[in-house]
There are 2 protein chains.
Amino acid sequence: MARTQGSHSGITGPRVRDAALKLFAQHGYAAVSMRQIAREVGVQAGALYNYTPDKQSLLFDLMQTHMTELLAACADMPDGGPPIEALENFTSLHLRFHSERPEEVFIAYMELRNLTPENFTKIEALRRSYEDGLETILRSGVSSGDFEVSDPKIATMAVIAMLTGVNTWFREGGRLSLEEVEQIYWDMVRKAVGA
Amino acid sequence: MARTQGSHSGITGPRVRDAALKLFAQHGYAAVSMRQIAREVGVQAGALYNYTPDKQSLLFDLMQTHMTELLAACADMPDGGPPIEALENFTSLHLRFHSERPEEVFIAYMELRNLTPENFTKIEALRRSYEDGLETILRSGVSSGDFEVSDPKIATMAVIAMLTGVNTWFREGGRLSLEEVEQIYWDMVRKAVGA
DNA sequence: GTCTATATGTCGATAGAC
DNA sequence: GTCTATCGACATATAGAC
């Protein structure tokens, strides 16, 4: 099957996405130019516009894909078990999912203000949906008497902030394995909610 | 005392600082131009260079001042008491200090990568010093048998992340007062470290 | 101390050849 | 699909008049 020389449809697209992911995470959306992204991919700047209508869409797609995959992973969790198991599953999922995608996570938290208002609203809704998942677990644990939480909404924010903070220091091959980190954090989360 | 018309030494300087603080926090360092800062202050762009050698120094000064004031506030804390009191003092100080300075806190966490390597090293050292303060408290509590913490360094990062996360949602005049928030977080911190 | 004007360079995005 | 070339706007920082 002959191909037009220089044609890389289906391969250059993902490379543009990967380059944007890497560079946005490293230097920040506003500090990265389309020319930098093109250089990373190995094409000229003009060629990028075959794969994205503009720079903003590049950012939005990265964030939307990330949040959608996170919510899909949540939906795959077993449910129906006792609240303490649901909370342990949530903790484990959050730590694993986030540690596997440090660049996506970094962008999702740091570049919210560089989204257009319309795009911000969409991403914010996805994030809120994720938080609601944890809040539901905490409320069910309070109802069943398994948890001692005075304010489930605050506890939700506190637990997510604590878990997401792992990304600021955790590196594979460091002092602790991910499994050890999971154990330590689950211990703190469990105690913090009085379980 | 006659003054040269247009001379505002001692007043324009702080206004430049305040404008940079506000705009960097709102849009991000890389996205803010010197012209925007000048417009906010009410002068032309060229006049800014009477108060700062360049844009980078504006950012560095904001972060350095913030971290230095944080460490000074820590140094003013009473010490010598039992670990649980030291931890409660730390929690209270962190929440109050950070809630009073949302813009400085935001910049200190978001703009680290926009510092030159030399400036980054200096700010990083100040941040590390702050973390060491909490770690020392946790270790002393473990030694005295007041805390149950398997890894003081991880617990330090977890507590700071949890507390700093308050800034992402807390607004004065909202559902909860700062005092209520302090109470809820102290309860979670206390339980998380097994005190 | 602030102004206007400018040097020098980069930006996002597009047009048209191949 | 990628290239070169370019438009118009904007960036940081400086020079020199007042």
Side-chain angles (χ1 to χ4, degrees), chain A residues 1-24 26-63 107 111 113-119, chain B residues 1-24 26-62 111 113-119:
Chain A
M1 299 241 290
R3 256 202 203 164
T4 307
Q5 190 191 26
S7 172
H8 302 288
S9 180
I11 165 79
T12 303
R15 278 170 53 77
V16 169
R17 202 196 125 85
D18 291 348
L21 174 69
K22 172 183 163 178
L23 291 171
F24 288 168
Q26 196 167 357
H27 305 292
Y29 174 77
V32 172
S33 70
M34 294 297 273
R35 283 171 177 81
Q36 263 178 284
I37 297 171
R39 196 180 316 131
E40 179 81 16
V41 174
V43 297
Q44 295 297 319
L48 294 179
Y49 293 86
N50 291 315
Y51 303 98
T52 180
D54 50 34
K55 191 184 171 190
Q56 168 72 202
S57 301
L58 228 33
L59 176 62
F60 176 67
D61 288 347
L62 286 172
M63 294 179 68
I107 290 172
E111 304 296 354
R113 62 185 166 185
N114 286 312
L115 291 170
T116 62
E118 302 76 27
N119 287 342
Chain B
M1 300 241 293
R3 259 200 203 169
T4 307
Q5 190 190 28
S7 171
H8 302 287
S9 179
I11 164 81
T12 303
R15 278 170 54 79
V16 170
R17 203 195 124 86
D18 291 348
L21 175 69
K22 171 183 165 178
L23 291 171
F24 288 168
Q26 195 167 358
H27 305 291
Y29 173 78
V32 172
S33 70
M34 294 296 271
R35 283 174 178 79
Q36 265 178 282
I37 297 172
R39 196 179 316 131
E40 179 81 18
V41 174
V43 297
Q44 294 298 316
L48 294 179
Y49 292 87
N50 290 315
Y51 303 98
T52 180
D54 49 34
K55 193 184 171 189
Q56 168 73 202
S57 300
L58 229 33
L59 176 61
F60 176 67
D61 287 347
L62 286 172
E111 303 296 354
R113 61 187 166 183
N114 286 312
L115 291 170
T116 61
E118 301 77 27
N119 287 342

## Note on the structure
What one should report as the nearest heavy-atom pair of A/Y49 and A/D54 is CE2-CA, 4.2 Å

### Message
Rounding to an integer number of Å, can you tell me how far B/L48 CG sits from D/dA11 P?
### Response
13 Å

### Interatomic distance where CZ belongs to A/R39 and P belongs to D/dT2 [whole Å]
18 Å

### Query
How many Å lie between CD1 on A/I37 and P on D/dT2, as a whole number?
15 Å

### Query
Taking CD1 from A/I11 and C1' from D/dT2, how many angstroms apart are they, rounded to a whole number?
15 Å

### Below 4.0 Å: OP1/OP2 of D/dA11 and any side-chain N or O of B/S33
yes

### Query
Are side-chain heavy atoms of B/H27 and B/Q36 found at a separation under 4.5 Å?
yes

### Message
I'd like to compare against my own output: the B/S/- annotation of nucleotides 13-18 of chain C with a strict under-4.0 Å heavy-atom distance to protein.
### Response
BB----

### Task
With heavy atoms under 4.0 Å as the rule, sort B/V32 into base, sugar-phosphate or nothing.
sugar-phosphate

### Query
Taking all atoms of both residues into account, what is the closest heavy-atom pair of B/L58 and B/A20, and its distance?
CG-CB, 3.8 Å

### Query
Can you name the nearest heavy-atom pair linking B/T52 to B/M34, along with the distance?
CG2-CE, 4.3 Å

### Query
The side chain of A/Q44 lies closest to which of these nucleotides: D/dT4, C/dT2, D/dG1?
D/dT4

### Task
Answer yes or no: does a side-chain N or O of B/T12 lie under 4.0 Å from OP1 or OP2 of C/dG1?
no

### Query
Any idea which heavy atoms bring A/Q26 and B/R113 closest together, and the distance?
O-CD, 3.6 Å

### Query
Looking at A/N119 and A/Q56, what are the two nearest heavy atoms and their distance?
ND2-OE1, 3.0 Å

### Query
Does B/Y51 place a side-chain N or O at less than 4.0 Å from the phosphate oxygens OP1/OP2 of C/dG1?
no

